[in-house]
Chemist: 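This structure is in structure tokens; I'll ask about it shortly.
Computed from a predicted model, the values in this text were never measured in an experiment. Lettering follows sequence order; numbering is per chain, from 1.
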Amino acid sequence: MVSLGQKPTVTTYSILLHGYAMEQSFHEMHCLIDLMVGNGIAPNHFVYNILISAYAQEETVGEVMHIFTKMRQEGLNPDVANYGAVINLLSSIGRMDDAMSQYNQMITEGLLPGIIVFTPLISGFCSCGKWEKVDELFSEMLDRGICPDTVFFNTVMDHLCKNGRVIEAQDLFDLMVHMGVKPFVRDYNTLIHGYCLVGKMDEGRKLLDNMCSIGLKPDDFTYSILIDGYSMKGRIGDALIVVREMLDRKVKPSIITFNIMIGALLKGGRKEEAKDLFDGIWAKGLVPDVVTYRLMIQKLIEEGSLQDSDDLFLSMEKNGCVADSRMLNAIVRSLLQKGDVPRAGTYLSKIDERRFTFEASTASLLTSLASGGKGQEYKELLPEEYHSFLEQGTG
DNA sequence: GTAGGGTTAG
């Protein structure tokens with residue numbers, strides 16, 4: 001474009017900038033902005049918002065606030081979207097006082113907050129359980145004539161569900177329908193998840209039929225949620241019925257569906273079937289993820305196939321799947337429970353090398369095992385940095 | 001007519 005003599009506009013730059021933002025290439029973003037400014041084009045609200053949102057994703061509050069201040073210094077007063085991005089960041093990290101003062105500031109400046117400001121604010125208050133603030137802001141939003149939309153309802157319903165308040169979520173769902181906002185598959189999934197979390201499987205099951213009857217097609221989320229719900233209640237048979245239904249309706253299972261099923265079968269002691277499912281993953285065009293491997297490795301450790309578990313760990317890394325903190329901690333706990341302290345030590349070292357956290361449940365397991373009078377023996381087998389856990393006893 | 005924001009499963 002440039003070589004043809006065309007001059008990129010600020011829009012051209014911001015499109016490219018957004019691309020870099022999506023791949024979190026901060027250096028490239030700054031180079032591009034320098035180039036733009038060098039060509040005599042001043043950054044506008046869009047450019048600033050792409051920058052703010054990119055840093056917000058990294059939760060680098062200092063940098064976000066710095067950019068926010070800088071745009072003002074450059075004579076560009078933040079618009080509603082800029083405030084929305086900042087309020088979203090502050091709310092998502094629980095700094096509700098700061099989020100509210102930004103909200104008040106934008107009102108003072110004469111800006112009209114929209115749904116894009118209220119969704120993160122209310123979501124933030126949901127996260128910290130300030131339900132009275134949620135009600136208050138919801139009323140204020142309606143008073144301002146702002147219509148809640150599908151994302152808003154879904155966000156609040158999800159928070160209610162995750163706090164066991166599925167009845168209130170159902171009320172909100174009904175209100176949504178009453179206000180003429182059409183529920184989508186996602187809304188049903190959220191609500192079904194809510195019923196599953198409190199063990200009301202029949203209600204969840206009813207909703208699945210309900211959504212079908214109004215022409216919505218359940219997706220892999222819908223089925224995975226229900227399968228997980230049944231398996232959490234130990235109803236493996238019912239879980240398998242849902243799996244059958246899912247396959248009959250030609251809904252493709254995701255790797256997470258497989259993980260849920262493998263987890264359910266293992267919990268039910270059906271190791272062979274779990275292994276068969278694992279082996280069948282590739283044929284479905286899927287690849288196991290870190291959770292799949294964690295489940296299978298833990299299974300191997302529990303049944304004492306320690307060499308096989310090591311082999312699976314190696315082939316996992318060879319396949320480009322990297323162990324995360326949760327997996328390594330789980331492996332260490334399984335090995336300790338199995339009494340293989342040297343092997344546990346090997347995986348402990350990996351936690352160390354990768355600067356992962358040593359989970360509290362792993363630490364307390366180590367401490368309680370050592371208090372059985374074998375502290376000295378454990379000491380010889382474990383890396384030095386873990387000796388302190390062996391000396392605490394059970395307290 | 002070109003660009004930025006808020007949400008589900010292990």
Side-chain angles (χ1 to χ4, degrees), chain A residues 8-19 21-22 36 43-54 56-57 67 71 78-92 99 113-124 126-127 141 146 148-162 169 183-194 196-197 204 218-229 231-232 239 242 246 253-267 288-296 298 324 326-327 330:
Chain A
T9 64
V10 64
T11 308
T12 324
Y13 281 104
S14 64
I15 292 168
L16 206 45
L17 196 63
H18 187 216
M22 288 196 291
M36 180 177 85
N44 64 7
H45 291 103
F46 285 87
V47 171
Y48 275 106
N49 217 34
I50 294 167
L51 261 183
I52 291 172
S53 305
Q57 259 200 320
I67 301 166
M71 68 185 291
D79 68 7
V80 181
N82 299 137
Y83 269 106
V86 169
I87 288 172
N88 181 35
L89 169 62
L90 295 170
S91 301
S92 68
I115 191 69
I116 217 70
V117 169
F118 276 100
T119 305
L121 268 184
I122 290 180
S123 176
C126 286
S127 295
M141 180 178 139
I146 299 162
D149 63 4
T150 172
V151 175
F152 177 88
F153 278 118
N154 199 266
T155 305
V156 182
M157 284 193 299
D158 186 50
H159 276 113
L160 289 169
C161 287
K162 285 182 174 155
F184 291 116
V185 172
R186 189 171 179 148
D187 300 302
Y188 276 94
N189 291 351
T190 299
L191 205 49
I192 293 173
H193 187 212
C196 290
L197 286 176
D219 61 11
D220 58 317
F221 274 73
T222 322
Y223 289 111
S224 297
I225 290 165
L226 265 179
I227 294 165
D228 191 40
S231 85
M232 279 191 301
V242 180
M246 175 178 189
S254 68
I255 188 60
I256 294 179
T257 320
F258 270 95
N259 292 345
I260 291 168
M261 275 312 302
I262 290 172
L265 289 168
L266 290 176
K267 214 173 100 178
D289 68 7
V290 67
V291 177
T292 329
Y293 282 111
R294 172 167 62 76
L295 291 168
M296 296 309 293
Q298 279 189 289
D324 61 8
R326 186 172 165 195
M327 165 185 250

Chemist: Grab the NE2-P distance between A:His159 and B:dT8 for me, whole Å please.
Modeler: 7 Å
Chemist: Would you kindly give the CD1-to-P distance between A:Ile115 and B:dT7, to the nearest whole Å?
Modeler: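 Whole-Å distance recorded here is 12 Å.
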Chemist: For the base of B:dA3, is there a side-chain donor-acceptor partner from A:Asn44 under 3.5 Å away?
Modeler: yes
Chemist: Would you call A:Ile255 and A:Phe258 a side-chain contact if the rule is heavy atoms closer than 4.5 Å?
Modeler: yes
Chemist: Reckon A:Ala85 touches a base, only the sugar-phosphate, or nothing at all at heavy-atom distances under 4.0 Å?
Modeler: nothing
Chemist: Closest to the A:Asn154 side chain: B:dA3, B:dG6, B:dT7?
Modeler: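 The nucleotide sitting nearest to the side chain is B:dT7.
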Chemist: Any non-hydrogen side-chain atom of A:Phe184 less than 4.5 Å from a side-chain atom of A:Asp187?
Modeler: yes
Chemist: Have a look at A:Thr155 and say if it touches a base, only the backbone sugar-phosphate, or nothing, with a 4.0 Å heavy-atom cut-off.
Modeler: sugar-phosphate
Chemist: Any heavy-atom pair between the side chains of A:Asp228 and A:Met232 that's under 4.5 Å?
Modeler: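 Yes, close enough: below the 4.5 Å cut-off.
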Chemist: For A:Ser53, report the nucleic acid contact type (base, sugar-phosphate, nothing); a contact means any heavy atom under 4.0 Å.
Modeler: sugar-phosphate
Chemist: If you measure only the distance, is there a donor-acceptor pair under 3.5 Å linking the side chains of A:Asp219 and A:Thr222?
Modeler: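 Result is yes, a qualifying pair exists.
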Chemist: Using a cut-off of 4.0 Å on non-hydrogen atoms, how would the nucleic acid contact of A:Ser254 be classed: base, sugar-phosphate, or nothing?
Modeler: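 Base contact.
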Chemist: Is a donor from one side chain sitting under 3.5 angstrom from an acceptor on the other, for A:Thr257 and A:Ser254?
Modeler: yes
Chemist: Less than 4.5 Å apart, side chain to side chain, heavy atoms only: is that true for A:Val117 and A:Val80?
Modeler: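 Yes, their side chains come closer than 4.5 Å.
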Chemist: How many Å lie between OH on A:Tyr83 and P on B:dG6, as a whole number?
Modeler: 19 Å
Chemist: Can you check whether A:Phe221 stacks with the B:dT8 base, using ring centres under 5.5 Å and planes within 30°?
Modeler: yes
Chemist: Need one value for A:Asp158: base, sugar-phosphate or nothing, where a base atom within 4.0 Å counts as base even if backbone is also close, heavy atoms only.
Modeler: sugar-phosphate
Chemist: Whole angstrom is fine here: how far is it from CG in A:Leu51 over to P in B:dG4?
Modeler: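 Result: 14 Å.
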Chemist: Hey, are the side chains of A:Asn44 and A:Val47 touching, using non-hydrogen atoms and a 4.5 Å cut-off?
Modeler: yes
Chemist: Would you say A:His18 places a side-chain N or O within less than 4.0 Å of OP1 or OP2 belonging to B:dG4?
Modeler: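 True: A:His18 side-chain N/O within range (under 4.0 Å) of B:dG4 OP1/OP2.
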Chemist: Would you classify A:Ile122 as touching base, sugar-phosphate or nothing, given that sugar-phosphate means primed atoms plus P, OP1 and OP2, and contacts are heavy atoms under 4.0 Å?
Modeler: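 Here A:Ile122 touches no strand at all.
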Chemist: Whole-Å distance between B:dA3 C1' and A:Ile50 CD1?
Modeler: 6 Å
Chemist: Which nucleotide in the set B:dG4, B:dA9, B:dA3 lies at the smallest distance from any side-chain heavy atom of A:Ala81?
Modeler: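 When the side chain of A:Ala81 is considered, B:dG4 is the closest of B:dG4, B:dA9, B:dA3.
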Chemist: When you check the side-chain N and O atoms of A:Asn154 and A:Thr190, is any donor under 3.5 Å from an acceptor?
Modeler: yes
Chemist: How would you label the contact of A:Lys162 with the nucleic acid (heavy atoms, under 4.0 Å): base, sugar-phosphate, or nothing?
Modeler: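 Here A:Lys162 touches the backbone only, sparing every base.
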Chemist: I need the CG-P distance between A:Asp79 and B:dG4, as an integer number of Å.
Modeler: 13 Å
Chemist: Contact class for A:Ile256 vs. all strands (heavy atom < 4.0 Å): base, sugar-phosphate, or nothing?
Modeler: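 Since a base atom lies under 4.0 Å of A:Ile256, the category is base.
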Chemist: Measure the distance from CG on A:Leu197 to P on B:dT8 and round it to the nearest whole Å.
Modeler: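 Spelled out: CG on A:Leu197 to P on B:dT8 is 13 Å.
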Chemist: Give me the residues of residues 185-192 of chain A where at least one heavy atom lies under 4.0 Å from an atom of DNA chain B, by number, or none.
Modeler: A:Arg186, A:Asn189
Chemist: Tell me: CG of A:Leu226 to C1' of B:dT8, nearest whole Å?
Modeler: 13 Å
